[in-house]
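Just below is one structure, and these are the notes that go with it.
Just so you know, these numbers use all the heavy atoms, side chains as well, and skip hydrogens, waters and symmetry mates. No experiment lies behind these values; they were computed from the predicted model shown.
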Amino acid sequence: MKEELATRYNPVDFEQRIYAFWESGGYFTPVVDRERPKFSIVIPPPNVTGRLHIGHALVNTLQDIVVRWKRMSGYNTLWLPGTDHAGIATQMVVDRKLTERGISRFDIGREKFVEEIWKWKEQHRSEIKDQLARLGASADWRRERFTLDENLSRAVRHVFVRLYEDGLIYRDIAMVNWCPFCRTAISDIEVEYRERTGKLYNIDYPIEGTTRRLTVATTRPETMLGDTALAVHPDDERYKDVIGQTATLPIANRQIPIIADPILVDPEFGTGVVKVTPSHDKNDYEAGKRNNLPQLQVIDETGHMTSVAGKEFEGLDRFEARKKVVQQLEEQRLLAGVKDYVHSVGVHGKCDNDIEPMISRQWFVKIEPLARPAIDAVRNGAIEIVPQSWEATYFNWMENIHDWTISRQLWWGHRVPAYYCANGHTVVSEEEPKACPECGSESFTQETDVLDTWFSSGLWPFSTMGWPEKTPDYEIFYPTDVLITGFDILFFWVARMIMFGLRFTGKAPFSQVFLHGLVRDEHGDKMSKSKGNVIDPITVIEESGADALRFTLAINTTGRDIPLGKSRIAGYSAFVNKIWNASRFALMHIDVELKSAPQIDRDALSIVERWILSRINAATNDVNKNLSIFRFDEAASTLYHFFWGEFCDWYIEMVKPVLLGKHGSEDDKRRAKRVLLEVLDRSLRLLHPFMPFVTEEIWQKLGGVEPSVMVAPYPVAEEFLEDPEAERLIGAVQQMITTVRNARAERGFTPKDRFTLHVNAANERDANFFRAYSYLLNDLARLDSVRVNETAPAGAQQDVVAGFEIAIVFPEKVITQEQIGRTKREIEKSKNELASLDAKLANEQFTKNAPPQVVQGAEARRIELRARIEKLEQNQ
RNA sequence: AGGCCCUUAGCUCAGCUGGUUAGAGCGCUACCUUGACACGGUAGAGGUCAGCGGUUCGAGUCCGCUAGGGCCUACCA
């Protein structure tokens, strides 16, 4: 035998050593073999911007559970890891670092800045890898990818060119969401809306040639400098007469038309008059186009006022300009009122600055033709979303999808593969063109915009496999099987992968999507630095071990939010400790190695052994079933209760007398050791996907054939291990033991006091069982003897347990008040239940309509209740 | 405004196609240092399943309404 397990469970002692053992053994790497059934999955690539948080710990734990389970179940398994260049996020972080050093990115220029990011990226990539390794992620690091790798970049250019040639990518001047802080356009879904209490300003616009004024409400008075019309509803009686007249725009003193627009104006809302600012509001932009209104840009791309806004406003920050406009309106007595107003404001999710709608020239993907097949794929079942309720959200978004703004005015990312020749012609091609096909010019400048990060991550499942080349990896491992990710990136990422995958590979990139919930604190609140409830996974791993963290995450993953707190982790850390100690106990007695252990002779097993094998078989069945439907919580819970509640609490206690030589023969002992080894081995293999480190550390001591538990076969349920008789009899023994312990505690006896237990068995087979296995009752219920089918003396406490009449003979008749009250309550409860059962069984509708087993169950229960009531009444 | 989801023990949650006595973890109470484990063992207390109505022989589970909460999308002059 190998050296023994350490006395204390201390994960820090072995987790990193074990990970190195796996990695050097090459167990994470699948074979390149087209014949073997495969299972493949790609990681949602973390951003290269920093430390992994608890959400990463969750998503990667879940993936690793599935991956280890599939690998052990015989699949040629690939888990492909990697990182995302995360355009804006990464550029922002590096920019900030430079600023701390007193350097502006504009000082060093694009090329140098991008070099800086690459340096920074390289360092963080390895940190991310290390952190995933600490978690136990069995990803194939030999295939690690990065979205800016040469191969992946080629895939991006290829897709861009094909979409352009198909007319699905176009360049246009349009109103987009602009972040004045990041100085780039962003797409609609990158805008987050925040409820905010602002002000609603009522501004009077004098009508030219009259004394009448039209009052307009706005939350953004500074944009009035760019107004080019006022609008009313054509059917609004109040304003019919002013349509076609002109109003004076205050401050700017420009004349603007009063127009009618039924789309823009809701006569029920506010004053029914709207100011129209085509350059700085989405709806006004559309209205401007409908009515041929001029566009006046008064705010620039940095959020400052332009010269168009007027001399005294030029260069002012938009919020400063707001104050100044309000002040001037007040002075001119044109401010009709100000009130607090709660509305939602669009901010850029990455930097939290207010979005500025802005007209600019951008690249777009015409998305509707891509969305249609992606909707169909989910609708016809080619892709299954779990939990299914997310499908509604998916359809709702996909069916109302808007064109995707893909260009970003950043330096970090995939540069748009469009080239402009000296004569202004545009050439879109994967490589820089030699000559312009239109004019023959050989001088080109490449588009400076880069692509939205999600454009490249949308190709992730196949670009990482070598596509557009038909590489062996692509042919073997694509499409992938499952995608596991958070619901928060359903639109950003999942939907885009489906659209691109279908269009370019002709296949759905995965057949199942599991969307997990958000990790929250133990009270269900969002984790945030300001609340101080953030749990750092690496700290947890250092304190409690990766296995405890993983198990806690798994057993709380239901498809909704996942509450996580210190006390929970402590609870499952106790479980890992329990596994450790139970294994230590087992290893003290086990004296053969797995690889040389003799076959178990099924016919020679004791009932206790048949029972535990039947139980682990049921657990095995349950775990496999639940893993296949992503019920990580159920699978983990089953293992928890099997190992602790059945294996430790009952089985180990039941075999102790045999192992310690207090009961049975040497043969019995040898067989008990063999079964103990069997159950421990199966348990460790079952538990391995959830807690890979501790199971490996222990399993190594068992001397198995395989070099690692991670490549040992995952147990599958076997029908011949099911044993209803053993479950019935051992179940009865357990209930009897509990009943005796209960009576002992309630009558105030100590564990040293011994009693006699009488058991009545209706048939000889059961009677023989109780005679042969009386040592179980004697030992675990602390009895002096068990009498089978003998008449119990008067005064014994009678009961019916699991269908057997029992009687406990106490050394003296001690009945406490507690006991009397309890018996009364028990009798009353049983009588109530009996009454309702009687009524039920008397009802023909029930006996006729209910399934036979339900009726039979009710009848059996009635018989037991009657017997029990009779016995309990004798105790009074 | 539209959609999705939630309301079950003190706390956080399970309860799969409706079927015996509604479960778990943590917390709580009492007892126990028994030769794997006090990160332990044994026993126990604790629930009108948000409310109302309906379908059914039977509802925590299905349907409708009401109240409260969360999330997403759209809009907000």
*Roughly how far apart, to the nearest Å, are B:C11 and B:U48 at atom P?*
13 Å
_Less than 4.5 Å apart, side chain to side chain, heavy atoms only: is that true for A:F690 and A:Y572?_
no
*In terms of ring plane angle, is the pair A:F575 and A:Y640 parallel, tilted or perpendicular, where the classes change at 30° and 60°?*
tilted
*Quote, to the nearest angstrom, the P distance that separates B:G60 from B:A9.*
15 Å
*Want to settle it: does A:L200 or A:I189 sit nearer the 5' end of RNA chain B, counting the closest nucleotide to each?*
A:I189
*Mark yes or no for whether A:R754, through its side chain, and A:L783, through its backbone, hold a donor-acceptor pair below 3.5 Å.*
yes
_Integer-rounded Å distance: B:A43 C1' and A:R782 CZ_ = 14 Å
_Most 5' of A:S389 and A:T847 on RNA chain B, judged by nearest nucleotide_ = A:S389
*Rounding to a whole Å, what distance do you find between A:N10:CG and B:A36:P?*
21 Å
*Is it true that A:D753 and A:R747 have a side-chain N and a carboxylate O under 4.0 angstrom from each other?*
no
*Report the distance from atom CD1 of A:I652 to atom P of B:U34, rounded to the nearest whole Å.*
18 Å
*Are any of the side-chain nitrogens in A:R866 or A:D838 under 4.0 Å away from the carboxylate oxygens of its partner?*
yes
*nucleotides 9-20 of chain B: protein proximity per nucleotide (B base, S sugar-phosphate only, - neither; heavy atom, under 4.0 Å)*: --SB-SS---BB
*List for me each residue that meets side-chain contact (heavy atoms from CB on, under 4.5 Å) alongside A:E646, sequence neighbours excluded, and say none if there are none.*
A:W611, A:R615, A:F642
Considering only distance and modelled atom types, tabulate donor-acceptor pairs under 3.5 Å from the side chains of residues 335-343 of chain A, sequence neighbours left out.
residue, atom, partner, partner atom, Å
A:D340, OD1, A:K199, NZ, 2.8

*Please report, rounded to the nearest Å, how far the P atom of B:A1 is from the CG atom of A:N400.*
18 Å
_B:U8 to B:G68 separation - C1' atoms, rounded to the nearest Å_ = 16 Å
*asked:* What's the gap between B:U73 and B:A14 when it is taken at their C1' atoms, as a whole Å value?
replied: 30 Å
*Residues within residues 219-229 of chain A bordering RNA chain B, heavy-atom distance below 4.0 Å*: A:T219
*asked:* side chain to side chain contact (heavy atoms under 4.5 Å, CB included) for A:D281 and A:T223? Distances and angles first, verdict last.
replied: CA-CA 9 Å; A:D281 180 277; A:T223 63; over 6 Å; no
_Same-atom distance (C1') from B:G18 to B:A59, integer angstrom_ = 6 Å
Which protein N or O atoms sit under 3.5 Å from an N or O of nucleotides 37-41 of chain B?
residue, atom, partner, partner atom, Å
B:C37, O4', A:N581, OD1, 3.3
B:C37, O2', A:N577, ND2, 3.4
B:C37, O2', A:N581, ND2, 3.4
B:C37, O2, A:K578, NZ, 3.0
B:C37, N3, A:K578, NZ, 2.9
B:C39, O2', A:N577, ND2, 2.9
B:C39, O2, A:S573, O, 3.3
B:C39, N4, A:R8, NH2, 3.0
B:G40, O3', A:K578, NZ, 3.0
B:G41, OP1, A:K578, NZ, 3.1
B:G41, OP1, A:W644, NE1, 2.6

*Round to the nearest Å and state the distance from A:L660 atom CG to B:G35 atom P.*
11 Å
_In the structure I gave you, are the side-chain heavy atoms of A:H663 and A:N778 within less than 4.5 Å of one another anywhere?_
no
_Is it true that, when you exclude A:K656 itself, more than 12 heavy atoms of the residues, nucleotides or ligands shown sit nearer than 6.0 Å to its NZ?_
yes
_Rounding to an integer number of angstrom, what distance separates B:C16 and B:G23 when you compare their C1' atoms?_
14 Å
*How is the base pairing of RNA chain B summarised as a dot-bracket string, given the Watson-Crick and G-U wobble criteria with both distances under 3.5 Å, [ ] for crossing and | for another strand?*
(((((((..((((.....[...)))).(((((.......))))).....(((((..]....))))))))))))....
_Whole-Å P distance, B:G46 and B:U29_ = 16 Å
*Check the distance between B:C6's C1' and A:I562's CD1 and give it to me in whole angstrom.*
15 Å
_Checking the side chain of A:D633 only, and the main-chain atoms of A:N556 only, is there a donor and an acceptor separated by less than 3.5 Å?_
no
*Would you kindly give the OH-to-C1' distance between A:Y193 and B:A74, to the nearest whole Å?*
8 Å
*Determine the contact category for A:T738: base if any of its heavy atoms lies under 4.0 Å from a base atom, sugar-phosphate if only primed atoms, P, OP1 or OP2 are that close, otherwise nothing.*
sugar-phosphate
_Any donor-acceptor N/O pair, A:D547 side chain to A:F693 backbone, under 3.5 Å_ = yes
*Should the ring pair A:F647 and A:Y651 be called parallel, tilted or perpendicular, given that the plane angle runs from 0 to 90° and is split at 30 and 60?*
parallel
*Take the protein atom CZ of A:R744 and the nucleotide atom C1' of B:C31, then report the distance between them rounded to whole Å.*
12 Å
*Decide salt bridge (charged side-chain N to carboxylate O under 4.0 Å, His left out) for A:D354 and A:R220; before the verdict, give the C-alpha distance in whole Å, the side-chain angles of both, and the deciding distance to 0.1 Å.*
CA-CA 12 Å; A:D354 285 16; A:R220 300 199 57 194; over 6 Å; no
*Does a donor on one side chain sit under 3.5 Å from an acceptor on the other, for A:N396 and A:T393?*
no
_Rounded distance in Å between the P positions of B:A43 and B:C26_ = 15 Å
*May I ask you to evaluate whether A:N742 reaches the phosphate of B:G44, defined as a side-chain N or O under 4.0 Å from OP1 or OP2?*
yes
